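Just so we're clear, the structure is a prediction, and the values are computed from it rather than from any experiment. The sequence lines fix the lettering, A, B, ..., with proteins before strands; numbering per chain opens at 1.
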Protein chains: 2
Amino acid sequence: MADRSKRRPGETREKLMNAALTLVGKGRHFASLGIREVTRQAGVVPTSFYRHFRSMDDLGLQLVDELGLVLRRMMREARANVLQADKLIEESVGIFVAHAQANRSFFLFMAQGLAGESRAVQEGIRSEMRFFASELANDLRRLRLMEHLSDADLDMTCDLVVRTVAFSLTDLLSISEDDDYQIGQVRKRTTQFLQMIFVGAGRWQSD
Amino acid sequence: MADRSKRRPGETREKLMNAALTLVGKGRHFASLGIREVTRQAGVVPTSFYRHFRSMDDLGLQLVDELGLVLRRMMREARANVLQADKLIEESVGIFVAHAQANRSFFLFMAQGLAGESRAVQEGIRSEMRFFASELANDLRRLRLMEHLSDADLDMTCDLVVRTVAFSLTDLLSISEDDDYQIGQVRKRTTQFLQMIFVGAGRWQSD
DNA sequence: CACATAAGTGAACAAGTGTACACATCGTTA
DNA sequence: TAACGATGTGTACACTTGTTCACTTATGTG
């Protein structure tokens, strides 16, 4: 009757995950979403939900996995575009901001999840951030930057950088999607933050 | 019948706000709380809710106001106890951690609200953080610290400091309330972050 | 092709939800 | 004391919610 097209495997699963993201993108908080609401948004009958997810928390966990892919794509692009260490910070922040705009709902979900309801989602996001930080540390080593820092101190620095950027996310996501002026402000300020951190790291010595 | 005691003005109002905080303290997300749920936890009939709040968002806003008081108390204590600039950072972080532990639910609410559902609550918390940062800038000026920084750069630094501390909140709140070792780790790491930032600020020069 | 399995559907139910209304009770002020 | 406004209560209604069950339909493998 309503099957106007053949069934693609995993299609409904995607539809459900996208539906959740869409609702988050519309300003809703993930923790307040219900199964029926999501299925409705996806144009699917409530029962279908259980074919793919055990609960909303489960859906959240699978979203975290996809979030990981988004972050990896972002890193790859950053590595490709940031060739010389000259404008390193400025360009990286630019790429980050661009990705945050392009995948707004995803990053909203991430920001929400950090203080979210599900312990598992929280831990998943935290883990993605740790991975991101460790990759950043690798890159800095590869570029022969901050060579005077011990491994532990470099990790600490990268952790601080990632946190700072993550916090900028909440700024970015709380302003209008196409307020270019404000977006520019956030980018500028974030760049300054990172510059200050790296100045500190440059002079850092363990005691 | 059930009025075993005389009515104190605003008693139910407090009970409702405390109930919401209690639920948040138990791991629930504020955005997922319902009116009935809160009134049940408060031991009050659902209708009473409307005598004090227009909606859940409204309750959230009033919680933000109280949060402001908590923060101000914390600042006052910090100012009283941090006499010499010597161990300034370490002691301040200590006081912060202690307050976060003592008012766990409040700070949980704050961390949630930063990426929360209600625009108004979000803005309220953001505003509290701005105030906090500006007070910090005042204190640093008063202590004759970072005198080489322009007002704008000092503001920027303090903003970064407050963000960093706020992010540590999510670390702190995601670990067990009485895992003293982990708490110590967070305190240590946060202290390092701030030290690195201040090293950067010490060498900072506008360009 | 046949068949097992995965994916989607619709109806149903008990429980929970927000909100409205009319009424009771308290504290205060005239 | 009388009357009033603020606060608390009980009942009711129309929805929404999560989950279950039995059923149909598509897909891929032997």
Using whole Å, what does the distance between atom [atom2] of nucleotide [N] and atom [atom1] of [X] come to?
{"X": "B/F49", "N": "C/dA20", "atom1": "CZ", "atom2": "P", "result": "13 Å"}
{"X": "A/R13", "N": "D/dT27", "atom1": "CZ", "atom2": "P", "result": "18 Å"}
{"X": "B/E11", "N": "C/dT25", "atom1": "CD", "atom2": "C1'", "result": "15 Å"}
{"X": "B/M56", "N": "C/dG18", "atom1": "CE", "atom2": "P", "result": "7 Å"}
{"X": "A/E14", "N": "C/dA7", "atom1": "CD", "atom2": "C1'", "result": "15 Å"}
{"X": "A/R51", "N": "D/dT27", "atom1": "CZ", "atom2": "P", "result": "16 Å"}

*List in chain and number order the residues that pass side chain to side chain donor-acceptor pair (under 3.5 Å) with B/S92, two or more places apart in sequence or in another chain; answer none if no residue qualifies.*
none

_Partners meeting side chain to side chain donor-acceptor pair (under 3.5 Å) with A/R72 (sequence neighbours left out)_ = A/E128

*Selection from D/dT11, C/dT9, D/dT7 that lies nearest to any side-chain heavy atom of B/T47*: D/dT11

_Which residues pass the ring-ring contact (aromatic ring centres under 6.0 Å, His included) test with A/F193, not counting sequence neighbours?_
none

*Does OP1 or OP2 of C/dA20 have a side-chain N or O of B/Y50 closer than 4.0 Å?*
no

*Are OP1 or OP2 of D/dT9 and a side-chain N or O of B/S48 less than 4.0 angstrom apart?*
yes

Validation: residues 45-56 of chain A side-chain donor-acceptor distances under 3.5 Å, sequence neighbours left out:
unit_1, atom_1, unit_2, atom_2, d
A/S55, OG, A/D57, N, 3.4
A/S55, OG, A/D58, N, 3.4

*Between B/F107 and B/F96, what is the ring plane arrangement, given parallel below 30°, perpendicular above 60°, and tilted in between?*
perpendicular

_Within residues 29-43 of chain B, which residues have any heavy atom lying less than 4.0 Å from an atom of DNA chain C?_
B/G34, B/I35, B/R36, B/R40

*Enumerate the residue pairs fulfilling salt bridge (Lys or Arg N to Asp or Glu O under 4.0 Å) with a member in residues 18-32 of chain A, sequence neighbours excluded, ordered by first and then second residue.*
A/R28-A/E37, A/R28-B/E117

